[in-house]
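What follows is a set of notes on a single structure, which appears directly below.
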Amino acid sequence: MAGFRRTGGRRAAGAALALALGLGSGAVARPAFAAPAFASAAASGSATSESAVSASTASGSAAASAFGGFRLADITAADGVVLKADVFTPPAGTPGADARGRYPVVVQPASWGQNDLEYVAQGHRFAAAGYVVVTYTVRGFWGSGGEVDVAGPKDVADISTVIDWALARTPADPDRVGMIGLSLGGGLTLLGAAFDPRIKAVASLSGWADLTDALYSGQTRHTSAATRLATIEGLTGRKSPEFATALDDLFADRDLPEVVKWADVRSPAAYLDRINANGAAVYLANGWSDSFFNPGQMTDFYQRLTVPKRLELRPGDHASQEFTGLLGFSNDTWDGARGWLDRYLKGAPGADDRPQGVDLEVRPGGAHESYPDWRSVNSRTEQVEFDGTATVLGDRPSGASGGTVLLSGLVDQWLHQPPTVLLPLLDRSAAAVRQSGPYPQGLAVRGAARVRTTVTASAPQGTAVAYLYDVDALGVGRLITHAPQSWSGRPVGQPFPLDVTLFPTAYDLPAGHRLALVLGTHDGLYGGETPKDGTVAFGPAELALPVR
């Protein structure tokens with residue numbers, strides 16, 4: 001066992017259903033436009049743009065079905081693409097209308113690979129609570145026309161078109177416009193907050209803030225997640241040439257600066273100044289083990305927002321927390337989002353209203369902790385130092401793993417069992433394994449741990465994947481967090497420093513357990529860069545662990 005010293009410093013059948021209902025966008029498409037092209041014709045904030053409404057409502061009154069407060073509608077975009085939509089209106093006499101009989105309106109873009117029927121249960125719930133709701137299939141998917149734009153300029157312009165249509169064709173109040181979306185819809189809600197100032201409040205559920213990070217965090221291609229997304233799109237959508245090129249480039253490891261550029265344009269984080277200036281209240285809910293949008297990008301985004309904001313992080317994978325809500329059951333995430341919209345669209349806190357700040361569900365026990373902001377989540381940094389050097393073979397599985405896309409996070413959410421290994425069985429020729437001493441009182445890990453080590457490699461490029469495990473007396477290691485980090489252009493055979501920022505988490509290490517830091521060069525989740533015939537030597541390592 002490597003030398004150690006410590007110094008003070010500062011939850012499966014549902015998996016398939018969740019896959020079908022909640023896949024979020026992790027792919028990108030190439031834009032040939034500047035960010036201002038997103039600006040809508042209605043961006044001045046006026047109630048409705050006359051020209052936009054005339055274009056968007058040409059076929060909007062056609063309803064294939066109508067019963068009660070629900071009807072189907074076609075909404076025509078400015079470029080002639082028809083978006084399939086559902087409209088829900090409050091039953092007669094529902095409280096919440098203004099003096100002119102208008103209600104707050106909520107726009108809901110469907111998630112990746114899904115259609116407007118995805119939100120039927122929630123649409124009825126919102127209408128019963130006094131909202132006009134318009135849900136729509138994003139262009140390129142199912143019955144909507146056009147090609148998949150992956151939150152590009154056409155998708156963003158469609159948001160304003162749908163708002164225009166709602167204001168012209170429903171009893172919607174132009175002064176009380178909100179959005180809520182899951183996955184792809186979650187990312188679009190944040191982009192809507194940036195490019196249509198009529199939007200006063202949004203709720204992004206399992207959405208993204210930074211598509212570049214989703215595809216390429218740690219300068220490492222997230223190929224397994226991208227494969228899942230491409231598969232779903234192939235079944236339910238029509239890929240644009242730009243989208244096809246971007247995927248091909250990502251998988252082939254070529255023209256990555258262009259892929260990054262495309263993703264940046266589709267990242268709400270790139271438009272934080274607009275979101276903050278427009279002032280829409282932002283509600284964010286994500287899972288600790290989201291296979292597509294790791295929580296680190298959401299915590300960074302949250303910290304840079306200056307508008308009313310709330311962040312909730314719970315155990316689970318992509319869209320797994322929201323799934324029961326899609327079936328119409330009471331659900332903490334959906335209830336919390338509606339309470340947020342109640343507060344900022346209706347002007348008064350509702351029964352489910354939650355204050356601004358951060359709420360964390362701690363793994364593995366499920367305790368909830370509330371903080372005024374993300375910086376208050378931890379109070380100090382525990383420095384853990386590991387001695388020794390280990391040379392490992394390149395791109396060779398060691399047994400350590402970040403898990404399986406869309407499955408591991410579900411198991412962690414429902415069974416409180418993260419990806420697990422037997423530490424003594426890890427292949428030492430493929431990974432450096434270091435352990436701490438036991439923590440008699442346990443340890444409350446809160447936030448993003450950082451690893452610093454030195455690397456000496458036999459090739460100028462490579463990938464390291466760092467894993468932090470909770471190890472019991474039997475050597476069973478449960479994954480706390482992990483992250484990849486790649487490098488390129490390094491002199492062969494010369495040591496250089498390598499920093500890896502692990503994905504944030506909230507995890508209680510039980511009393512008497514140890515920490516294990518594992519450093520390898522292969523994980524099936526990622527497209528690694530270390531040559532198979534190469535070697536990587538990891539030197540002494542320091543772990544900076546944020547704790548409460």
Side-chain angles (χ1 to χ4, degrees), residues 6 11-12 14-15 18 206 284-291 294-296 298-299 310-325 330-333 335-336 354 357-374 376-382 384 402-403 407-423 435-449 467-482 502-517 543 545-548:
R6 171 161 30 105
R11 175 139 347 179
S206 288
L284 306 169
N286 287 74
W288 287 123
S289 304
D290 195 309
S291 301
N294 77 77
M298 304 314 296
T299 59
R310 179 171 176 80
L311 172 65
E312 298 184 0
L313 292 168
R314 300 182 179 90
D317 212 310
H318 185 69
S320 65
Q321 303 172 62
E322 299 89 353
F323 175 64
T324 57
S330 181
N331 173 286
D332 281 349
T333 303
D335 291 347
R354 303 176 189 194
V358 176
D359 182 85
L360 309 180
E361 183 175 335
V362 181
R363 307 167 51 228
H368 279 263
E369 296 175 350
S370 295
Y371 300 90
D373 50 53
W374 179 251
S376 302
V377 165
N378 54 76
S379 61
R380 62 187 180 87
T381 300
E382 185 91 2
V384 187
L407 178 60
S408 298
L410 284 171
V411 175
D412 191 23
Q413 176 183 350
W414 293 341
L415 302 180
H416 306 291
Q417 186 63 52
T420 301
V421 299
L422 285 173
L423 217 68
Q435 292 191 68
S436 74
Y439 285 80
Q441 307 302 320
L443 203 62
V445 180
R446 303 289 186 272
Y467 310 88
L468 184 63
Y469 285 99
D470 159 13
V471 184
D472 65 17
L474 300 177
V476 177
R478 295 171 176 82
L479 186 66
I480 298 173
T481 183
H482 82 288
L502 307 186
F503 301 141
T505 192
Y507 190 97
D508 284 342
L509 184 78
H513 285 209
R514 302 171 183 263
L515 292 171
L517 175 65
L543 174 66
L545 201 62
V547 297
R548 179 172 59 81

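Here the structure is a predicted model, which is why all the values come from computation and not from measurement.
Looking only at side-chain heavy atoms (C-beta outward), Y507 and T481 stay at 4.5 Å or farther from each other. Between Q417 and R478 the shortest side-chain heavy-atom distance falls below 4.5 Å. Here the side chains of R314 and D332 are in contact, with some heavy-atom distance below 4.5 Å. Between S436 and R514 there is a side-chain heavy-atom pair separated by less than 4.5 Å. In this structure, the side chains of L360 and W374 come closer than 4.5 Å at one or more pairs of heavy atoms. The closest side-chain heavy-atom distance from Q321 to E312 is not below 4.5 Å.
Nearest heavy atoms, V358 versus D373: CG2-C, 3.7 Å. Between A319 and S206, the shortest heavy-atom contact is N-OG, 3.1 Å. Between P364 and H416, the shortest heavy-atom contact is O-ND1, 3.2 Å. Across A511 and P440, no two heavy atoms sit closer than the pair CB-O, 3.1 Å. Closest approach of V471 and A516 over heavy atoms only: CG2-CB, 3.5 Å. In terms of heavy atoms, T299 sits closest to L313 at CG2-CD1, 4.1 Å.
From D317, atom CG reaches atom CG of D290 across 6.0 Å, with rounding to the nearest 0.5 Å. Note that CG of L545 is 6.0 Å distant from CG of L515, once rounded to the nearest 0.5 Å. Put simply, CG on N286 and OG1 on T333 are 9.5 Å apart, with the number rounded to the nearest 0.5 Å. From T505, atom OG1 reaches atom CZ of R363 across 4.0 Å, with rounding to the nearest 0.5 Å. Taking CD from E369 and CG from D508, the interatomic distance works out to 7.0 Å, rounded to the nearest 0.5 Å. For the atom pair OH of Y371 and CZ of R446, the computed distance is 5.5 Å after rounding to the nearest 0.5 Å.
Using cut-offs of 30° and 60° for the angle between ring planes, the H482 and Y467 rings count as parallel.
The backbone N or O of E322 lies less than 3.5 Å from no partner atom in the side chain of T324, so there is not a single donor-acceptor pair.
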side-chain contact (heavy atoms from CB on, under 4.5 Å) between Q441 and L509: does it pass, once the steps are laid out? CA-CA 9 Å; Q441 307 302 320; L509 184 78; over 6 Å; no
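Residues S370 and D359 bring a donor and an acceptor atom of their side chains to less than 3.5 Å of each other. At a cut-off of 3.5 Å, with distance as the only test, no side-chain donor of H513 or D472 sits close to an acceptor on the other residue.
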